[in-house]
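The chains referred to below are lettered A, B, ... by the order of the sequence lines, with proteins before strands, and numbering in each begins at 1.
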Amino acid sequence: MKIFRFLLVGFIFGIVLTKTEAISWYRIYEMFHFQSFHMYGVIFTAIFTGVIGIRFLKKKDIKDYKGHTIEILDKERASFRYIIGGIMFGLGWALVGCCPGPIFVLLGVGIIPILVVLVGALLGNFIYGIVKDKLPH
Amino acid sequence: MDFIYGTWHWSISGFLIGMIMLALVYFGKSFGMSSNLRTLCTIGGAKRASQYFDFDWREQKWNLAMVLGAILGGYFATQFLSSENIVKINPKTIEQLHALNIDAPNGKIVPDAIFSMETMQTPKGFSILLIGGLLIGFGTPYAGGCTSGHAISGLSNLQLPSLIAVIGFFIGGLITSYFIIPLLF
């Protein structure tokens with residue numbers, strides 16, 4: 001089953017985020033107050049691993065499992081949306097201490113009130129979908 | 001065994017998160033958790049409301065499998081890999097939180113002041129959770145990604161837009177942490 005490998009990757013992702021406490025409101029608060037290196041360590045090590053890995057994949061011209069050349073799409077060139085959308089997300093991230101991945105992981109941890117955050121996030125996404133074309137990007 | 005049951009070291013988890021992103025690239029996909037919100041809206045029937053939701057959600061089945069896996073992973077880690085000895089944050093942070101009447105971790109992953117069932121049932125507690133969710137749900141598609149898509153995937157691929165977005169995440173986070181949270185608590 002092809003879908004199974006993604007279930008497994010997600011499972012590992014959920015364990016890692018839980019055990020490194022990236023799903024913890026406390027860790028996010030501590031990070032934004034520069035009172036611990038922990039979260040910065042996680043993010044910088046992930047990026048460092050990613051940069052090396054992607055350079056390696058590109059340099060060796062490694063094909064993906066289907067035999068296609070690995071192509072990573074460049075992000076759209078713009079700046080307004082990134083800064084304004086980024087600030088909005090950041091405001092919410094620090095308030096409830098979780099980004100989209102951890103919202104789901106916290107469901108599994110058994111934090112029931114995270115359902116309110118999830119409903120809010122779906123509603124926010126829905127509103128974005130409706131007003132999208134009227135927003136500057 | 002504390003390295004498994006206690007808090008995982010940042011170098012181990014950072015490396016594993018990087019490898020997860022690379023595994024997805026190898027599988028021909030790209031790492032991004034926030035796009036699942038859009039997929040869930042589409043499945044819920046949002047297609048009728050906006051063209052933005054008019055896409056074949058089956059293409060995103062793999063990402064929904066990731067979500068299901070992440071939920072199961074959170075459950076597994078909590079049930080079988082847990083100890084009391086977690087969330088050892090800086091004592092200075094605990095002191096600061098105490099001044100705001102936010103309870104110390106003491107082995108909890110999230111504070112009761114925000115995530116207890118009682119808090120959720122107060123108008124203020126409910127609003128904080130809902131507004132936090134709204135900002136995340138609106139902000140991530142506007143910014144074109146979240147921590148996984150921009151900070152990890154995008155920066156690994158040296159994308160300037162991702163750097164701009166991550167700077168935005170931090171501006172927003174600092175505003176909430178330094179100004180909004182002290183006002184609310």
CA sep, side-chain torsions, deciding dist, call: B:Tyr52, A:Tyr128, ring-ring contact (aromatic ring centres under 6.0 Å, His included):
CA-CA 9 Å; B:Tyr52 172 71; A:Tyr128 173 78; 5.3 Å; yes
Mind checking the CD1-CZ spacing from A:Ile12 to B:Phe76? Nearest 0.5 Å is all I need.
11.0 Å
Worked verdict on B:Thr7 versus A:His38 for side chain to side chain contact (heavy atoms under 4.5 Å, CB included)
CA-CA 10 Å; B:Thr7 307; A:His38 183 78; 3.9 Å; yes
Which of A:Lys58, A:Lys75, A:Arg55 passes side chain to side chain donor-acceptor pair (under 3.5 Å) with B:Asn157? It is A:Lys58
Under 4.5 Å from a heavy atom of chain A, the part of B:Ser148 involved:
neither
Whatever's closer than 4.5 Å to a heavy atom in chain A on B:Leu184 counts as side chain
Compare all side-chain heavy atoms of A:Tyr29 with those of B:Ile181 and state whether any distance is below 4.5 angstrom.
yes
Can you label the angle between the A:Phe6 ring and the B:Trp62 ring as parallel, tilted or perpendicular, going by 30° and 60°?
tilted
Between CE of B:Met120 and CG of A:Leu115, what distance do you get to the nearest 0.5 Å?
8.0 Å
So what's closer than 4.5 Å to chain A heavy atoms on B:Asp103: side chain, backbone, both or neither?
both
Taking the six-membered ring for Trp, are the ring centroids of B:Phe31 and A:Phe13 within less than 6.0 Å of each other?
yes
Within the distance-only criterion (no hydrogens, no angle test), does the side chain of A:Lys19 pair as donor or acceptor with the backbone N or O of B:Tyr5 below 3.5 angstrom?
yes
Report yes if the side chains of A:Thr45 and B:Ile17 come closer than 4.5 Å at any heavy-atom pair, otherwise no.
no
Heavy-atom neighbours of B:Phe185 CZ exceed 12 at 6.0 Å:
yes
Might you work through the ring-ring contact (aromatic ring centres under 6.0 Å, His included) test for B:Phe170 and A:Phe32, ending with a clear yes or no?
CA-CA 8 Å; B:Phe170 264 83; A:Phe32 281 125; 5.1 Å; yes
Do A:Trp25 and B:Phe115 have ring centres separated by under 6.0 Å?
no
Minimum side-chain heavy-atom gap A:Lys132-B:Gln51 below 4.5 Å
no
With a 4.5 angstrom heavy-atom cut-off, could you sort out which part of B:Leu24 is near chain A: side chain, backbone, both or neither?
side chain
Mind running side chain to side chain contact (heavy atoms under 4.5 Å, CB included) on B:Met117 and A:Ile112 for me, showing each step along the way?
CA-CA 7 Å; B:Met117 293 299 281; A:Ile112 295 173; 3.9 Å; yes
Heavy-atom donor-acceptor pair, A:Ser24 side chain to B:Val110 backbone, under 3.5 Å:
no
Would a hydrophobic clustering, with Ile, Leu, Val, Met, Phe, Trp and Tyr connected at side-chain separations under 4.5 Å, put B:Leu183 with B:Phe126?
no
Minimum side-chain heavy-atom gap B:Leu68-A:Phe11 below 4.5 Å
no
